[in-house]
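This report refers to the structure that appears directly beneath it.
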There are 2 protein chains.
Amino acid sequence: MYFYRVNSNTEENYLKAIYLLTDGIREVNPKDVSEHLGVKMPSLNSMMKRLAEKELVSHTSYKPIKLTDKGRKIAALIIRKHRLTEMFLVERMGFGWEEVHEIAEQIEHIKSPLFFQKMNEILGSPKQDPHGSPIPDANGEVAEMNYPKLSESKENQKLRLVAVNNSSEDFLKFLNARDISLGLELKVLDIESFDGSMSVEFADQRTQTLSQIVCDRLLVTPIK
Amino acid sequence: MYFYRVNSNTEENYLKAIYLLTDGIREVNPKDVSEHLGVKMPSLNSMMKRLAEKELVSHTSYKPIKLTDKGRKIAALIIRKHRLTEMFLVERMGFGWEEVHEIAEQIEHIKSPLFFQKMNEILGSPKQDPHGSPIPDANGEVAEMNYPKLSESKENQKLRLVAVNNSSEDFLKFLNARDISLGLELKVLDIESFDGSMSVEFADQRTQTLSQIVCDRLLVTPIK
DNA sequence: ATAACAACTTAGGTTAGTCTAACAAAAAAG
DNA sequence: CTTTTTTGTTAGACTAACCTAAGTTGTTAT
Ligand SMILES: [Mn+2]
Ligand SMILES: [Mn+2]
Ligand SMILES: [Mn+2]
Ligand SMILES: [Mn+2]
């Protein structure tokens, strides 16, 4: 019978960062992780030693970082808790999708399997979070959805907005102000070749021009 | 314009412990606080220095400890978050009253005023937690309810169970097993003078004998 | 009043998690 | 193929939160 070693919140945040930068499976350069977390390289470096010691990451000097199977599973389960929380906050507590990330960043570390089990039941085992990101299952398995960006679409294509790439409050408020939310149907009318901006028509006939930066952050799926 | 200094989870736990041992206003001996928190005296001692430095407690060497007004308010607001959380877990997430304390112990430290505001709204500004303890208001003011213990009641008195003194999982499971929950009406039939145990009759005619230890933990109010 | 004991404080050590400064390796530029 | 720049590592310092061991103060018991 093994003892279940609990990781600190900080360790969990490092694991999650690596997961998000690698989809769990690729490698990532230390610098990118340190920037993602907002810590300096020596902090990253000593944490990698600890996590390597615990066999949650594999890392040899001057080489990129990768999660081990064990590390990947732990990270996926933290992300599961994060996304379940976001869904719960939106669906059961009346939060807007732009308000939930910071709170979920904290609640994901709550030590209580039952708490997240209850959330999951209440929500009916949701498969996506409020931003369209997939929720890993209770074993840490993720159904990878590889939706294309709106910016990669062609003219006249009819699309449905299924996820956003970026959950920053500013960006989501920008979308709110324009009544752009998940599930929205749209058609690409025109693509400006010199700046990559797109004119799109929404289901309710509204027409808007979206900058390339915005189009890069909207994930879509073709319809009809 | 003042900057709002955030306290660490640990600092919050110390403040809360002192509050619970003093009702916010009395003094308490360092030893009692250290035992309540499960830390050794030197840990308590150095934390008292920090909190005194921050003007949240007043403490001079070899004297008992007291919260300052500032410290009392902060502590009451943490207790508010704790009890709101317990209520939310029971009322909106289907937890039993015996399951919520440990989770609330963690969630009380979540940094998000909006999160607790939403909880409060959803619950309709509850005045008590699932164990009958009063929930401080948003200014940290508490309506002190001084319910007597069942053990202090006289024979033939009709009573309603309004709170429990102790929220340990074991005790609450003991009550669950006997279908004893808040609101239950009961009558004291008989008091054993040599061990302080009581025979009580519940509203549904069931009759039980409760040990003094149990009767000490049940808070009641007279009816009719 | 003095001894014994419990409560409290001080000194100093540990681990987690961060940082800056200095150095080493790898990658990019010339 | 050097030189420069960027990336990564090591060393060492700092704070928060804990501990043990040793000494002090205050309180009870004789
Ligand atoms: Mn998020
Ligand atoms: Mn987090
Ligand atoms: Mn509680
Ligand atoms: Mn707590």
Side-chain angles (χ1 to χ4, degrees), chain A residues 3-18 21-22 26-67 71 74-75 78 105-106 108-111, chain B residues 3-18 21-22 26-67 71 74-75 78 105-106 108-111:
Chain A
F3 272 96
Y4 187 66
R5 230 278 138 266
V6 176
N7 304 294
S8 70
N9 292 6
T10 307
E11 288 168 336
E12 291 188 351
N13 285 336
Y14 276 86
L15 290 172
K16 189 167 62 121
I18 298 169
L21 292 168
T22 62
R26 290 191 305 273
E27 295 183 328
V28 63
N29 293 122
K31 194 84 217 297
D32 295 332
V33 181
S34 97
E35 268 165 15
H36 184 93
L37 285 168
V39 299
K40 301 292 180 179
M41 284 292 285
S43 306
L44 197 273
N45 202 265
S46 56
M47 183 57 86
M48 286 313 101
K49 281 189 177 149
R50 267 173 52 198
L51 296 178
E53 188 59 42
K54 290 185 168 193
E55 301 193 303
L56 302 177
V57 305
S58 60
H59 177 226
T60 45
S61 273
Y62 299 102
K63 293 271 157 57
I65 296 161
K66 211 172 166 296
L67 289 172
I74 292 174
I78 300 160
E105 203 57 50
Q106 300 175 61
E108 68 190 0
H109 306 291
I110 298 293
K111 266 61 183 179
Chain B
F3 271 97
Y4 186 67
R5 227 281 138 264
V6 176
N7 304 295
S8 70
N9 291 7
T10 307
E11 288 167 336
E12 291 188 352
N13 284 337
Y14 276 85
L15 290 173
K16 189 166 63 117
I18 298 170
L21 292 169
T22 62
R26 289 192 304 273
E27 297 183 327
V28 62
N29 294 122
K31 194 84 215 296
D32 295 332
V33 182
S34 97
E35 269 165 13
H36 185 92
L37 284 167
V39 299
K40 301 293 181 178
M41 283 292 286
S43 306
L44 197 274
N45 201 263
S46 56
M47 182 58 85
M48 287 312 101
K49 279 188 179 151
R50 267 174 51 199
L51 296 180
E53 188 58 42
K54 290 184 166 194
E55 301 193 303
L56 301 176
V57 305
S58 61
H59 178 227
T60 45
S61 271
Y62 298 102
K63 292 269 156 56
I65 296 161
K66 211 172 167 297
L67 290 173
I74 292 173
I78 300 160
E105 202 58 49
Q106 300 174 60
E108 67 189 1
H109 305 291
I110 299 293
K111 267 62 183 179

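What you are looking at is a predicted structure, and each value in this text was computed from that prediction instead of being measured.
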*Could you give me the CA-CA distance, side-chain angles and deciding distance for B/E35 and B/K31, then say whether salt bridge (charged side-chain N to carboxylate O under 4.0 Å, His left out) is met?*
CA-CA 6 Å; B/E35 269 165 13; B/K31 194 84 215 296; 3.1 Å; yes
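Nearest heavy atom pair, residue B/K111 against residue B/E12, reads NZ-OE2, 3.2 Å.
When the side-chain nitrogen and oxygen atoms of B/Y14 are compared with OP1 and OP2 of D/dC18, one or more of them lie within a distance under 4.0 Å.
The shortest distance between side-chain heavy atoms of A/L21 and A/I65 does not fall below 4.5 Å. At least one side-chain heavy atom of B/I18 sits under 4.5 Å from a side-chain heavy atom of B/M48.
The interatomic distance linking B/M48 (CE) with D/dC18 (C1') rounds to 14 Å, in whole Å. Here the C1' atom of nucleotide D/dA16 and the CD atom of B/E53 are 15 Å apart, to the nearest Å. B/I65 has its CD1 atom 8 Å from the P atom of C/dC8, to the nearest Å. The nearest whole Å value for the distance from the CG atom in A/N7 to the C1' atom in C/dA16 is 13 Å. Spacing between atom NZ of A/K40 and atom P of D/dC14 amounts to 19 Å, rounded to whole angstrom units.
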*With the sugar-phosphate defined as primed atoms, P, OP1 and OP2, and the base as all remaining atoms, what B/S/- string results for nucleotides 6-13 of chain D, 5' to 3', for protein heavy atoms under 4.0 Å?*
-SBBBB--
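Under the side-chain contact (heavy atoms from CB on, under 4.5 Å) criterion, A/S8 pairs with A/T10, A/E11, A/R50, sequence neighbours left out.
At a threshold of 4.0 angstrom between heavy atoms, the contacts of B/S43 include nucleobase atoms, whether or not backbone atoms are also involved.
With values rounded to the nearest 0.5 angstrom, B/N13 atom CG is found 3.5 Å from B/H109 atom NE2.
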